[in-house]
Every structure is written in C-alpha cells, then in structure tokens.
Amino acid sequence: MERTSKGWGSGLLGVLIFSGSLPATRVAVSGFDPVFLTAARAVIAAVLGGLLLLALRQKRPARSDVRALVVVALGVVVGFPLLTALALQHVTTAHSIVFIGLLPLATAIFGVLRGGERPRPAFWIFSVIGSLSVAGFAVSRGGSGSLAGDLLMVAAVVACGLGYAEGAVLSRRLGGWQVICWALALALPVMTVIALLTLPGTWSRIGAPAWLGLAYVSVFSMLVGFVFWYRGLALGGIAKVGQLQLLQPFFGLALAGLLLHEPIALTMVVVTAVIVLCVAGAKRFA
C-alpha cells in the first residue's frame, strides 16, 4: 500500500511538470522550427542526462534492453515532441491540451499489451468515461481546430502512450530516471545531426519567450518530469497511475490561461470534477 501511494505521489509530480509542456512548446515554436525544437530539446536533455549517469556511475543497460529503449526514444524523445510541435502550428494550445486526456487510455492499453497488466472491468469503465469526458470537453470548446492538427495530436498520444508503457516496464529493472537518460543518450547522435541541419538562419529574431520555452521543454518536460513519472508508473502500476494523466489537460489549460492569456470556460470546472471522480474510481478498481 505504501509503495502504491508513493507511486501515485511521484506520478502526480510528473503530471504537474508535463502540464507545462504544451504551453511551453507553443511559445517555443513561435521562434523555432518544430524539427529543430524537437532535436534541440533532446540534445540538451541528453547532455544533462549523460552527465547524471556518469556522475552516479550507472551501469549500462543490457543488450536485451536496447530494443525497448529504442521504443521509448521513438515514442517520447522524438514522436511526441515532434508531433505536438507540428500540431501547434495548426491548433491553439487549449485545443491541443484536451487531447492529452486520451493518454491514460493509450497508456493503459499499452500497459496491458507490453506490461502484462490486467485491470478489472470497472477500471476500463472509469477510464473510458474519463476519456469521453475530455473528448466532449474538446468538442464543447470548439476553437480553431483543424483536421491536420487533430490527427497529429492523436498520433502524438499513441506514440506517447507506447513510450510511457515501455519505459515503465524498463524502469522496474533500470530505475525511473535511468530509463529516460539512457533513451536520450541513445537518440543523441541522430538528434545532434538533425539539430545541426535545421539550425535557425538567424538568431536575432528569436525572442526571450521562445528561449524560455525551449529551456522548459528541454530540462523539465524531457528529463525531470520523466524521473518522477516513470518512478510512479513502476511503483503504482502503468494502468493505475496512468489515470493521473486525465488531470493534465486541466492543469495545462490553467497554465495556458495564466501564461498565454487564453480564456478558461466555466465548463472546465465541471468537467474537472468529473475527471477527478474518474481518476478516483480508476484507482479504486484498478
């Protein structure tokens, strides 16, 4: 019980950190090309993660773990950051954030497929209700959505769910923060080349907000958040703790309202209450 509680606490910290990712990405793409942004954030995080691995003298992963690390890298180092950066060229931050509410379902499905977890039927009921609530909230808000942006966000959710579940399985053997650090290290050579090939033509036109956005997604979204998140998934269970992601859209919307001055609808409060109940139910019956 104590192990599970620690998992939920660690997972919640990860969700709070990740909630700033899309607002920060939105700000960053105002000054950087999405491909360069994806590569640069990975390179910066990989350097920091590599230094952490060296300082704490961590053992290299076994050869049998390399394939899973590649999946993690493709899902959360490349796939999700690139797809969301591209999506934010078509849709608003608020519109994109609500799609994150589908992450718990994607993570739970991959948790079953890759992690061998078997939640009870009631868990799936609460999970689906929560996901439908988020989808309904997205429709009710309307906004400047587009088919391309929506499809990119759905693809991002699938990639992220796979990366989360695969990383959680690995974290049971390697440790939470070690998984993301090794995945970043594995992607570093390729991402460095991409970053060099997509360097901005001029640096003078890039404003301070874009630099701050790059710093946030590089240090917190790409590294620090995963330290807490993978630890939470490993301790509390992929499907169970993954339901905390249902809260992420609303944390993100609050940040979008405060930082980007986007209006926050009254329905946000109502749907948030429903989501909290779904998370509590999923935790109870998982």
Once you round to the nearest 0.5 Å, how far does CG of Leu151 lie from CG of Leu86?
-> 12.5 Å
For residues 161-168, please give each side-chain donor-acceptor pair under 3.5 Å, one per line with the distance, not counting sequence neighbours.
unit_1: Glu166; atom_1: OE1; unit_2: Arg114; atom_2: NE; d: 2.7
unit_1: Glu166; atom_1: OE1; unit_2: Arg114; atom_2: NH2; d: 3.3
unit_1: Glu166; atom_1: OE2; unit_2: Arg114; atom_2: NH2; d: 3.2

In the single-linkage hydrophobic clustering (I, L, V, M, F, W, Y; side-chain heavy atoms under 4.5 Å), do Val219 and Leu223 co-cluster?
-> yes
List the atom of Ala156, the atom of Phe80, and the distance in Å for their closest heavy-atom pair.
-> O-CD1, 3.3 Å
Interatomic spacing from CZ in Phe32 to CH2 in Trp203 - rounded to 0.5 Å = 6.0 Å
Which pairs would a plain distance check flag for residues 43-64, meaning a side-chain donor or acceptor within less than 3.5 Å of a matching protein atom at least two apart in sequence or in another chain?
unit_1: Gln58; atom_1: OE1; unit_2: Gln178; atom_2: NE2; d: 3.1
unit_1: Gln58; atom_1: NE2; unit_2: Leu56; atom_2: O; d: 3.2

For residues Ser21 and Val217, report the shortest heavy-atom separation together with the two atoms involved.
-> O-CG1, 3.9 Å
Least distance between heavy atoms, Arg41 atom then Ser218 atom = CA-OG, 3.2 Å
Table please: side-chain donor-acceptor pairs of residues 187-202 below 3.5 Å, with sequence neighbours left out.
unit_1: Thr192; atom_1: OG1; unit_2: Leu188; atom_2: O; d: 2.7
unit_1: Thr198; atom_1: OG1; unit_2: Ile194; atom_2: O; d: 2.7
unit_1: Thr202; atom_1: OG1; unit_2: Ser204; atom_2: N; d: 3.4
unit_1: Thr202; atom_1: OG1; unit_2: Ser204; atom_2: OG; d: 3.1

For the atom pair OG1 (Thr84) and CE (Met153), what is the distance rounded to the nearest 0.5 Å?
-> 6.5 Å
Give the C-alpha distance, both sets of side-chain angles, the deciding distance and a yes or no for side-chain contact (heavy atoms from CB on, under 4.5 Å) between Leu82 and Val35.
-> CA-CA 6 Å; Leu82 178 59; Val35 177; 4.1 Å; yes
How long is the gap from CG on Leu13 to CG on Leu244, to the nearest 0.5 Å?
-> 10.5 Å
Rounding to 0.5 Å, atoms CD1 (Ile180) and OG (Ser171) come to a distance of 11.0 Å
Hey, what do you get for CZ (Phe251) to CG (Leu16), rounding to the nearest 0.5 Å?
-> 5.0 Å
Between Ala42 and Val77, which heavy-atom pair has the shortest distance, and what is it?
-> CB-CG1, 3.8 Å
Could you tell me how the ring of Trp229 sits relative to the ring of Phe18: parallel (under 30°), tilted (30 to 60°) or perpendicular (over 60°)?
-> perpendicular
Taking all atoms of both residues into account, what is the closest heavy-atom pair of Phe228 and Ser10, and its distance?
-> O-OG, 2.6 Å
Heavy atoms of Ala256 and Thr93 approach each other most closely as CB-CG2, 4.2 Å
Out of Leu214, Leu88, Thr38, which one pairs with Thr25 under the side-chain contact (heavy atoms from CB on, under 4.5 Å) rule?
-> Leu88
So do Phe226 and Ile17 actually touch side chain to side chain, heavy atoms under 4.5 Å?
-> no
Is it the case that one hydrophobic cluster holds both Leu235 and Val241, taking links as side-chain heavy atoms less than 4.5 Å apart, direct or via other members?
-> no
Would you kindly confirm whether Leu74 and Tyr230 end up in one hydrophobic cluster when ILVMFWY residues are joined by side chain heavy atoms under 4.5 Å apart?
-> yes
Under 4.5 Å between side-chain heavy atoms, hopping through other hydrophobics if needed: is there a path connecting Leu184 to Val66?
-> yes
